[in-house]
Amino acid sequence: MSIPIDFPQPTLISLNGVELEVFEAGRKNKGNPIVLCHGWPEHAFSWRYQVPALVDAGYHVIVPNQRGFGASSSPSEVTDFDIEHLAGDLIALLDHFDYEKATFVGHDWGAAVVWGLTLLHPSRVDKVINLALPYQERGDMPWIEMMEAIFGADFYFVHFNRQVGVADAILDQNTHQFLRNMFRKNVPLTPPEPGMMMINLANAKTPLGDPLMSGAELAVFVTAFEQSGFTGGINWYRNLDRNWHLLAKVDPIIQHPALMIYGDRDMVAKSETLKDFVPNVDVVNLDCGHWIQQEKPQETNHAILNWLQSQD
């Protein structure tokens, strides 16, 4: 698959019982690693605007397609997508490049993995930069159970867990339409439709708002999901209650220097307790929706690089 802009060529790396498709740039900056972790339904290519800026700033940039995405392995066991496996892949990636620790950057589900990685392996994380998804407090009730009680059975997190395989099949049948409708900006606020949001998006003939990316860029995502299918990525959601149990005995406070970047028009809620769990966090708000680093690439780069400089 040809990547339409100056994006590194991938290498398949065997680690932690899987193969990861890894895009790497700035090897001349060895010794200063930064790992970029994509969300769902995404791809390493979602960081295309950040890679050159970080290389220019002196970083060795490592961008994996995480398990279940792109040409990376997608194991058949649902539990192979829990936080211990996802964090374990990133630790193995550090070992592969012979790094003790790195700065980790995550967006959306990638942010959830970076928060979890930092809880499970604090000594392997230098700094944390997360976009869109703030630290999720581990309450008294497992996450899916809690969401079902609050949002009901049609909420997509719940639906993915309670009606296994239903959404996967519909997204697989409508890959281009779903991703075209998903990757939008300036989407008007509309009341929620009945039914399951992701299935509604996959079936909608007309997208809302403006396209987030060019046709050639969108084709990178479409081609990747046509090859991988959606089940591997959705299996991340199917481990949320398992992750809740796995994190039961972990110290919930993250002491690392951290940067949280929100989109003011994102549907993901900002955290009111972020400082309680991540006391050394700085917060930046950008005027955009959910796809922060693709929607506001220059502003995102500016926020990340300024903050990294202030930490040094």
Side-chain angles (χ1 to χ4, degrees), residues 1-10 20-26 34-55 59 61-72 86 89-90 93 103-114 129-133 171 175-176 178-185 187 198 201 209-228 230 232-234 236 259-263 265-268 286 288-305:
M1 177 179 68
S2 64
I3 302 281
I5 67 166
D6 182 22
F7 199 71
Q9 289 303 305
L20 291 192
E21 182 182 26
V22 179
F23 302 80
E24 182 201 354
I34 192 163
V35 182
L36 311 182
C37 302
H38 64 78
W40 182 89
E42 291 191 89
H43 185 281
F45 188 62
S46 62
W47 297 106
R48 61 197 173 279
Y49 297 109
Q50 285 65 53
V51 172
L54 288 164
V55 170
Y59 287 90
V61 186
I62 301 163
V63 198
N65 266 332
Q66 297 178 83
R67 61 170 69 196
F69 292 85
S72 295
L86 296 172
D89 291 349
L90 297 176
L93 199 56
T103 292
F104 284 87
V105 186
H107 170 255
D108 179 81
W109 247 114
V113 174
V114 170
I129 301 172
N130 276 329
L131 287 68
L133 188 83
L171 303 192
T175 300
H176 180 272
F178 170 62
L179 294 173
R180 178 204 65 185
N181 294 347
M182 184 75 154
F183 291 126
R184 312 294 289 181
K185 58 184 179 181
V187 176
M198 297 303 167
L201 271 175
D210 305 314
L212 178 70
M213 55 183 93
S214 70
E217 290 170 324
L218 179 63
V220 174
F221 293 84
V222 173
T223 304
F225 280 101
E226 283 175 346
Q227 290 168 354
S228 68
F230 285 92
I234 291 174
W236 291 33
L259 174 65
M260 180 67 220
I261 303 177
Y262 291 115
R265 288 180 273 150
D266 194 349
M267 288 196 324
V268 179
L286 297 180
C288 61
H290 183 65
W291 314 108
I292 297 170
Q293 76 271 31
Q294 299 180 78
E295 214 171 309
K296 294 281 183 186
Q298 273 63 49
E299 294 89 335
T300 302
N301 292 353
H302 185 72
I304 289 173
L305 293 170

Flag the pair [X] / [Y] as yes when at least one side-chain heavy-atom distance between them is below 4.5 Å, and no otherwise.
| X | Y | value |
| --- | --- | --- |
| L54 | L305 | yes |
| Y262 | V268 | no |
| S46 | Q294 | yes |
| H43 | N65 | yes |
| P211 | R184 | yes |
| H176 | L218 | yes |
| V105 | V114 | no |
| Q66 | C37 | yes |

Nearest-0.5 Å distance that lies between atom [atom1] in [X] and atom [atom2] in [Y]:
| X | Y | atom1 | atom2 | answer |
| --- | --- | --- | --- | --- |
| L131 | H38 | CG | NE2 | 14.0 Å |
| I292 | K185 | CD1 | NZ | 14.0 Å |
| I261 | K296 | CD1 | NZ | 13.5 Å |
| I34 | W47 | CD1 | CH2 | 9.0 Å |
| I304 | L36 | CD1 | CG | 7.5 Å |
| Y49 | Q298 | OH | CD | 8.0 Å |

- [ ] Check each of F69, W40, F230 against W236 using the ring-ring contact (aromatic ring centres under 6.0 Å, His included) test, and report the only one that passes.
- [x] F69
TODO: Please state whether the rings of H107 and W291 are parallel, tilted or perpendicular, taking 30° and 60° as the class boundaries.
DONE: tilted
TODO: Could you check F221 against M182 for side-chain contact (heavy atoms from CB on, under 4.5 Å), going step by step and ending with a plain yes or no?
DONE: CA-CA 11 Å; F221 293 84; M182 184 75 154; over 6 Å; no
TODO: Give a yes or no answer on whether the side chain of S72 reaches the backbone of G68 with a donor-acceptor pair at less than 3.5 Å.
DONE: no
Task: Check: E295 side chain, G289 main-chain N or O, donor-acceptor pair, under 3.5 Å - done: yes
Could you report the tightest heavy-atom contact between [X] and [Y], atom names first, then the distance?
| X | Y | value |
| --- | --- | --- |
| A132 | D108 | CB-N, 4.2 Å |
| F23 | A44 | CD1-CB, 3.5 Å |
| A303 | L259 | O-CD2, 3.8 Å |

Task: D266: side-chain hydrogen bond (donor to acceptor under 3.5 Å, both in side chains) partners, not counting sequence neighbours - done: H290
Task: Test salt bridge (charged side-chain N to carboxylate O under 4.0 Å, His left out) applied to D89 - qualifying residues, sequence neighbours left out - done: R67
